[in-house]
Colleague: 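My structure is below; once you've seen it, I'll send some questions.
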Amino acid sequence: MQSPLQAADAVTLPHPTEIVSAGATGYLTRAVYPSGTEYRWTTYADGTTRYLTTPRTAFMGGQSDIVFSRKEAEDLYWINDMTRTDNGIRYALSHDNRSMLRGIAGDTLVMSYTDDDTRVLDVNLVRRPADTPAGGDVTVIPGNARMGRVWASTPGTALIQYYTGIGADLRTFLVAVDTVTGRAVDGLRQTDSEQTGADAFAPAPTWRGSSAPSPTASSW
């Protein structure tokens, strides 16, 4: 019998398993084999593992107990609440098939679309209709920007990276966005243009802002 996992416990994952996302009650892992990809959800409380075996389906998450699943060639993202004792599916989200999934924060999909003619960028937060009565456009990001990476931060917050300019004028920005309102919850921060997205969470000297990122934002 497996012993319960504690918050401070180290978990050893067999090769080629990797952690996709971790929530309050468990974590999602993925292992890629020649025969296909295997997904599992493991709970901290008792170490039990649930195999996620829907054929031709990818599972993904953003630092919560919500796991999204999407079948090949479909535009639906299914919300799976892993705290439930049944199969966990409670809602499906559809989106414009021109949009690209950029990241997940909790129960929110961060999508973007760049118009082929105008090159204007549109960033949208996709949630259950009941959760977003006024829509989910992220207007703080300028239309002439190019999308970078997206990270889940504190509950209800997504960190979105984007770029403006090219060559010597290339600039990289990071903004914390409320996943319900789409509004910035902190001041816009500019990072060194040569930094990668992960390096944006480096100590204070690399930031051109009034303060360093909070421990909560950088600990995921």
Side-chain angles (χ1 to χ4, degrees), residues 2-9 11 13 17-32 36-97 99-111 123-136 138 149-160 176-182 185 216-217 219-220:
Q2 294 174 296
S3 60
L5 293 173
Q6 303 300 320
D9 285 347
V11 177
L13 301 176
T17 303
E18 60 181 355
I19 291 181
V20 177
S21 177
T25 69
Y27 58 95
L28 174 67
T29 59
R30 173 180 57 211
V32 180
T37 303
E38 178 184 271
Y39 294 90
R40 303 184 189 186
W41 177 264
T42 302
T43 60
Y44 302 128
D46 56 13
T48 57
T49 295
R50 184 190 310 180
Y51 287 84
L52 308 177
T53 57
T54 307
R56 302 186 308 284
T57 299
F59 294 84
M60 60 209 84
Q63 313 311 317
S64 79
D65 290 328
I66 297 297
V67 170
F68 286 91
S69 56
R70 178 177 180 268
K71 199 165 187 175
E72 290 178 9
E74 291 188 357
D75 294 328
L76 289 177
Y77 286 84
W78 288 92
I79 298 175
N80 306 273
D81 184 350
M82 305 310 291
T83 64
R84 293 173 51 142
T85 56
D86 54 14
N87 63 11
I89 295 177
R90 57 189 177 95
Y91 206 86
L93 300 177
S94 62
H95 66 93
D96 186 331
N97 59 16
S99 297
M100 178 181 296
L101 177 65
R102 294 294 185 171
I104 300 172
D107 60 355
T108 302
L109 303 175
V110 181
M111 316 285 293
V123 182
N124 192 260
L125 304 175
V126 181
R127 298 162 54 89
R128 293 185 304 163
D131 295 334
T132 315
V138 181
R149 296 178 60 187
V150 174
W151 298 268
S153 179
T154 54
T157 305
L159 291 169
I160 302 178
V177 172
D178 185 300
T179 57
V180 175
T181 66
V185 297
T216 308
S219 62
W220 68 270

Colleague: Calculate, to the nearest 0.5 Å, the distance between atoms OG1 and CD1 belonging to Thr179 and Ile104 respectively.
Modeller: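 Interatomic distance, Thr179 OG1 to Ile104 CD1, rounded to 0.5 Å: 12.5 Å.
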Colleague: For Thr25, which residues count as a side-chain hydrogen bond (donor to acceptor under 3.5 Å, both in side chains) partner, sequence neighbours excluded?
Modeller: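 Partners of Thr25 by the side-chain hydrogen bond (donor to acceptor under 3.5 Å, both in side chains) criterion, ordered by chain and then number, come out as Asp65.
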Colleague: With sequence neighbours left out, write down each residue that passes salt bridge (Lys or Arg N to Asp or Glu O under 4.0 Å) with Arg102, or none if nothing qualifies.
Modeller: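 Partners of Arg102 by the salt bridge (Lys or Arg N to Asp or Glu O under 4.0 Å) criterion come out as none, since no residue qualifies.
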Colleague: Rounded to the nearest 0.5 Å, what's the gap from CH2 on Trp78 to NZ on Lys71? Could you check?
Modeller: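 It comes to 11.0 Å.
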Colleague: At what distance, to the nearest 0.5 angstrom, does OH of Tyr77 lie from CG of Leu109?
Modeller: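 Answer for the OH-CG pair, Tyr77 versus Leu109, is 6.5 Å.
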Colleague: Look up atom CD1 in Ile79 and atom CD1 in Ile66, then write down how far apart they are to the nearest 0.5 Å.
Modeller: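 Between Ile79 CD1 and Ile66 CD1, I get 6.5 Å after rounding to 0.5 Å.
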Colleague: Tell me the closest heavy-atom pair linking Ala152 and Gly62, and the distance in Å.
Modeller: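 Looking at all heavy atoms of both residues, the closest pair is CB-O, 3.3 Å.
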Colleague: How would you list, by chain and number, every residue that makes a side-chain hydrogen bond (donor to acceptor under 3.5 Å, both in side chains) with Thr83, sequence neighbours excluded?
Modeller: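 Partners of Thr83 by the side-chain hydrogen bond (donor to acceptor under 3.5 Å, both in side chains) criterion, ordered by chain and then number, come out as Asp81.
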Colleague: If you look at every heavy atom in Ala22 and Tyr44, which pair is closest and at what distance?
Modeller: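 Heavy atoms only, the tightest pair is CB-OH, 3.5 Å.
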Colleague: Out of curiosity, Trp151 CH2 to Thr157 OG1, how far, rounded to the nearest 0.5 Å?
Modeller: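 Separation between the atoms: 14.5 Å.
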Colleague: Considering all heavy atoms of both residues, which atom of Arg84 and which atom of Arg50 are nearest to each other, and what is their separation?
Modeller: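 For Arg84 and Arg50, the tightest heavy-atom pair comes out as O-NH2, 3.2 Å.
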Colleague: Among all residues two or more places apart in sequence or in another chain, which pass the side-chain hydrogen bond (donor to acceptor under 3.5 Å, both in side chains) test with Arg40?
Modeller: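 Glu38, Tyr51.
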Colleague: Between atom CG of Leu93 and atom CZ of Phe68, what is the distance when rounded to the nearest 0.5 Å?
Modeller: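 So the CG of Leu93 and the CZ of Phe68 are separated by 5.5 Å.
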Colleague: Any chance you could lay out the side chain to side chain contact (heavy atoms under 4.5 Å, CB included) test for Asn80 and Leu52, step after step, and finish with the verdict?
Modeller: CA-CA 11 Å; Asn80 306 273; Leu52 308 177; over 6 Å; no
Colleague: Can you name the ring pair (Phe, Tyr, Trp, His ring centres under 6.0 Å) partners of Tyr39, sequence neighbours left out?
Modeller: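 If we apply the ring pair (Phe, Tyr, Trp, His ring centres under 6.0 Å) test to Tyr39, skipping adjacent residues, the hits are Phe59.
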Colleague: Could you walk me through whether Glu74 and Thr57 pass the side chain to side chain contact (heavy atoms under 4.5 Å, CB included) test, one step at a time?
Modeller: CA-CA 10 Å; Glu74 291 188 357; Thr57 299; over 6 Å; no
Colleague: Which heavy-atom pair separates Asp75 from Arg70 by the least distance, and what is that distance?
Modeller: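 Closest heavy-atom pair between Asp75 and Arg70: OD1-NH2, 4.2 Å.
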Colleague: Check step by step if side chain to side chain contact (heavy atoms under 4.5 Å, CB included) holds for Val110 and Leu125.
Modeller: CA-CA 5 Å; Val110 181; Leu125 304 175; 3.8 Å; yes
Colleague: Can you name the side-chain contact (heavy atoms from CB on, under 4.5 Å) partners of Leu13, sequence neighbours left out?
Modeller: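 For Leu13, the residues satisfying side-chain contact (heavy atoms from CB on, under 4.5 Å) (neighbours in sequence not counted) are Val11, Thr17, Ile19, Tyr27, Thr29.
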Colleague: With a 3.5 Å distance limit and no angle check, can you tell me whether Ser21 reaches the backbone of Gln63 through a side-chain donor-acceptor pair?
Modeller: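 It does hold such a pair.
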